[in-house]
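Please read the structure below before turning to the comments.
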Amino acid sequence: MRIAMIGSGYVGLVSGACFADFGHEVCCVDKDPSKIEALNRGEIPIFEPGLDDIVANNVREGRLTFTINLPEAVKNAEAVFIAVGTPSRRGDGHADLSYVYQAARDIASAMDGYTVVVTKSTVPVGTGDEVERIIREIRPDAEFAVVSNPEFLREGAAIADFKRPDRIVIGTDDPRAQGVMNEVYRPLYLNQSPVLAMSRRTAELTKYAANAFLATKITFINEIADLCEQVGANVQDVARGIGLDNRIGSKFLHAGPGYGGSCFPKDTLALIKTAQDFAAPIRIVETVAAVNSQRKRAMGRKVIAACGGAVRGKTIAVLGLTFKPNTDDMRDAPSLDIITALQDAGARVRAYDPEGMQAASALLTDVEYARDAYGCAQGADALVIVTEWDMFRALDLKRLKTALAAPVVVDLRNVYRPEEMRKNGFTYFSIGRV
Ligand SMILES: NC(=O)c1ccc[n+]([C@@H]2O[C@H](COP(=O)([O-])OP(=O)(O)OC[C@H]3O[C@@H](n4cnc5c(N)ncnc54)[C@H](O)[C@@H]3O)[C@@H](O)[C@H]2O)c1
């Protein structure tokens with residue numbers, strides 16, 4: 001198959017590289033020339049484990065190319081994927097579909113022969129109808145179909161998720177388009193990944209329902225964690241106690257500082273707005289979003305309380321900035337709210353993250369960046385673990401204690417055991433454990 005991928009960000013680049021790895025001929029397009037120039041120099045603009053090898057191999061074998069020339073890529077393609085961003089729209093929280101609609105207009109002008117236009121971006125119900133209308137308006141005579149194929153990969157494990165997905169969702173009622181999609185995903189079909197065929201609108205909603213459910217699960221265990229702290233219970237034991245029940249499942253039951261990232265915050269908001277527009281409000285998700293957004297700043301207050309109620313003039317060391325480990329993505333990371341809350345209270349913040357410091361420096365001001373965890377802790381009045389990178393899981397506790405001016409550790413990811421930390425002389429706080 002010849003595939004064009006419009007948008008070469010976290011999703012477009014991973015999807016394009018993996019499709020090429022299956023043997024398809026893929027051209028990844030982006031409107032950002034610096035991204036395409038970097039890719040053509042062999043540089044990967046994002047941090048995603050394993051992506052560099054897959055890109056290099058497929059470029060070498062001639063199956064993967066990069067361009068800013070959308071018409072050229074689309075003209076030759078049987079399937080054109082839209083993988084551009086759908087951020088929250090400023091002001092009202094609806095999904096901003098301007099990039100998707102612009103891509104649709106660009107594709108319409110360039111299509112040649114029967115083309116399947118596939119929306120991989122996360123888009124509200126009805127967006128496929130609008131994409132189809134836009135293309136039809138520009139090209140009344142064209143032969144095409146618009147399919148929804150939402151993406152479920154996780155940053156940090158994106159290659160494995162793409163190549164061994166729990167399921168593939170394909171939303172179309174058009175048998176010819178379904179045939180093209182089956183061909184695109186045939187290598188995974190052979191791997192026995194379930195391919196779910198459904199209507200386009202159902203596929204669009206399925207993606208939001210999945211993310212909203214996961215965000216709800218996280219928020220549920222976070223609130224149980226708060227209760228654990230008040231009643232002297234242990235949230236990790238509760239999570240295990242409920243998670244081993246197959247009806248509940250153990251994933252996404254790790255209490256922490258609140259969910260962040262490029263998907264859950266914007267997708268829960270967009271679902272809330274869609275549901276309100278259709279007079280079918282999803283109150284549980286409205287509550288989840290409100291609880292989560294308050295939680296992140298509350299984590300700043302938790303650190304202040306751990307420092308005796310005031311941090312003015314104190315130095316706080318922050319380990320981990322990205323919204324989760326194994327990515328450099330800083331979009332809606334809890335660290336942003338936590339650090340701002342600490343700075344608002346007069347603290348100096350020093351931070352270390354193995355991959356996120358460059359992106360963080362564009363979003364945060366007055367943060368000093370350290371070269372490693374111990375440099376970050378040096379002379380600090382407290383240390384906060386915000387992101388559970390593996391390298392923070394087995395810190396040399398003696399060295400850490402010597403580096404800190406005061407042995408206060410606030411572990412927002414429950415990486416360490418309270419009794420071990422106390423034995424080592426730390427004043428230790430975590431989430432949902434006493
Ligand atoms: N990041 C994830 O983990 C993830 C997972 C599943 C789904 N999604 C969804 O996938 C979509 C893309 O997310 P992302 O994280 O890859 O975004 P991203 O911001 O990393 O990448 C989007 C890219 O599209 C490019 N672009 C925008 N308009 C364009 C146009 N008209 N022509 C060519 N290129 C254009 C941008 O320059 C950018 O490089 C979103 O809808 C998101 O919700 C993301």
Side-chain angles (χ1 to χ4, degrees), residues 4-18 27-39 44-49 51 66-74 77 80-89 94-110 117-124 127-128 131 134 148-162 165-169 203-204 206-208 210-212 214-215 259-271 322-333 359:
M5 186 66 63
I6 313 303
S8 306
Y10 285 86
V11 165
L13 186 55
V14 169
S15 308
C18 289
C27 184
C28 285
V29 181
D30 206 284
K31 63 173 186 181
D32 177 352
S34 66
K35 209 170 254 190
I36 294 301
E37 282 158 20
L39 285 162
I44 307 293
I46 55 171
F47 176 75
E48 179 60 49
L51 184 57
F66 305 103
T67 184
I68 54 166
N69 188 340
L70 182 144
E72 197 58 37
V74 167
V80 179
F81 283 77
I82 299 177
V84 301
T86 49
S88 284
R89 193 161 70 188
H94 277 277
D96 176 354
L97 296 171
S98 56
Y99 304 101
V100 173
Y101 294 153
Q102 185 56 47
R105 284 190 284 273
D106 296 345
I107 293 165
S109 313
V117 178
V118 191
T119 311
K120 199 165 245 326
S121 299
T122 303
V123 294
T127 304
V131 167
I134 289 171
S148 166
N149 170 223
E151 182 50 56
F152 297 93
L153 63 77
R154 293 163 299 171
E155 285 174 21
I159 308 284
D161 282 353
F162 195 89
D166 290 338
R167 78 302 206 186
I168 298 155
V169 169
E204 289 170 338
T206 299
K207 172 64 189 177
Y208 282 101
N211 275 0
L214 294 172
Y259 61 77
S262 66
C263 292
F264 289 179
K266 79 171 174 68
D267 291 347
T268 45
L269 274 190
L271 178 63
T322 51
F323 81 97
K324 67 171 171 181
N326 297 322
T327 181
D328 58 352
D329 200 340
M330 282 295 300
R331 288 178 281 186
D332 272 318

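Note that ligands are numbered from 1 as they come in the structure, with each ligand's atoms numbered from 1 the same way. A quick note: this is a predicted structure, and the numbers were derived from the prediction, not measured.
- The nearest protein atom to atom 37 (O) of ligand 1, hydrogens excluded, is given as D30 OD1, 2.6 Å; this is a heavy-atom distance.
- Without hydrogens or angle criteria, E204 side chain to G128 main chain gives a donor-acceptor distance under 3.5 Å.
- Within the 3.5 Å criterion, the main-chain N or O of N69 finds a donor-acceptor partner in the side chain of T67.
- Protein heavy atom in closest approach to atom 34 (N) of ligand 1: K31 N, 3.2 Å.
- Looking only at protein heavy atoms, the nearest one to atom 9 (C) of ligand 1 is T122 OG1, 3.5 Å.
- Near K35, meaning under 4.0 Å from any of its heavy atoms, are these atoms of ligand 1: 38 (C), 39 (O).
- For ligand 1, the atoms lying closer than 4.0 Å to a non-hydrogen atom of K266 are 42 (C), 43 (O).
- Side-chain contact between T86 and T127: absent, with no pair of heavy atoms (C-beta onward) separated by less than 4.5 Å.
- The backbone N or O of P265 lies less than 3.5 Å from a partner atom in the side chain of T268, making a donor-acceptor pair.
- Atom CG of D166 sits about 7.5 Å away from atom CG of D161, to the nearest 0.5 Å.
- Between the side chain of T327 and the backbone N or O of G156, no donor-acceptor pair lies under 3.5 Å.
- Between the side chains of D96 and S98, at least one donor N or O sits under 3.5 Å from an acceptor N or O.
- At least one heavy atom of R331 sits closer than 4.0 Å to an atom of ligand 1.
- When each atom of ligand 1 is checked for a heavy atom of T86 under 4.0 Å away, the hits are 40 (C), 41 (O), 43 (O).
- Near S262, with a cut-off below 4.0 Å to any heavy atom, the atoms of ligand 1 are 1 (N), 2 (C).
- Atom 22 (C) of ligand 1 has as its closest protein heavy atom G85 N, 3.6 Å.
- For ligand 1, the atoms closer than 4.0 angstrom to any heavy atom of I6 are 32 (N), 33 (C).
- Only side-chain heavy atoms of K207 come within less than 4.0 Å of ligand 1; its backbone N, CA, C and O stay farther off.
- For atom 12 (C) of ligand 1, the nearest non-hydrogen atom of the protein is V84 O, 3.4 Å.
- Side chain of S8 to backbone of V29: a donor-acceptor contact under 3.5 angstrom is found.
- Using a distance-only test at 3.5 Å, with no hydrogens or angles considered, no donor-acceptor pair links the side chain of E48 to the main chain of V14.
- Nearest protein heavy-atom neighbour of atom 2 (C) of ligand 1: E155 OE2, 3.4 Å.
- Counting only heavy atoms from C-beta outward, the side chains of L13 and L39 approach each other to under 4.5 Å.
- Under the side chain to side chain contact (heavy atoms under 4.5 Å, CB included) rule, L70 has a single partner from V80, D106, D30, which is D106.
- Among the atoms of Y99, none of the N or O lies under 3.5 angstrom from an N or O of ligand 1.
- Here the protein heavy atom with the shortest distance to atom 6 (C) of ligand 1 is E151 O, 3.2 Å.
- Listed by atom number, the atoms of ligand 1 under 4.0 Å from A83 heavy atoms are 12 (C), 22 (C).
- Counting only heavy atoms of the protein, atom 44 (C) of ligand 1 lies nearest to V11 CG2, 3.2 Å.
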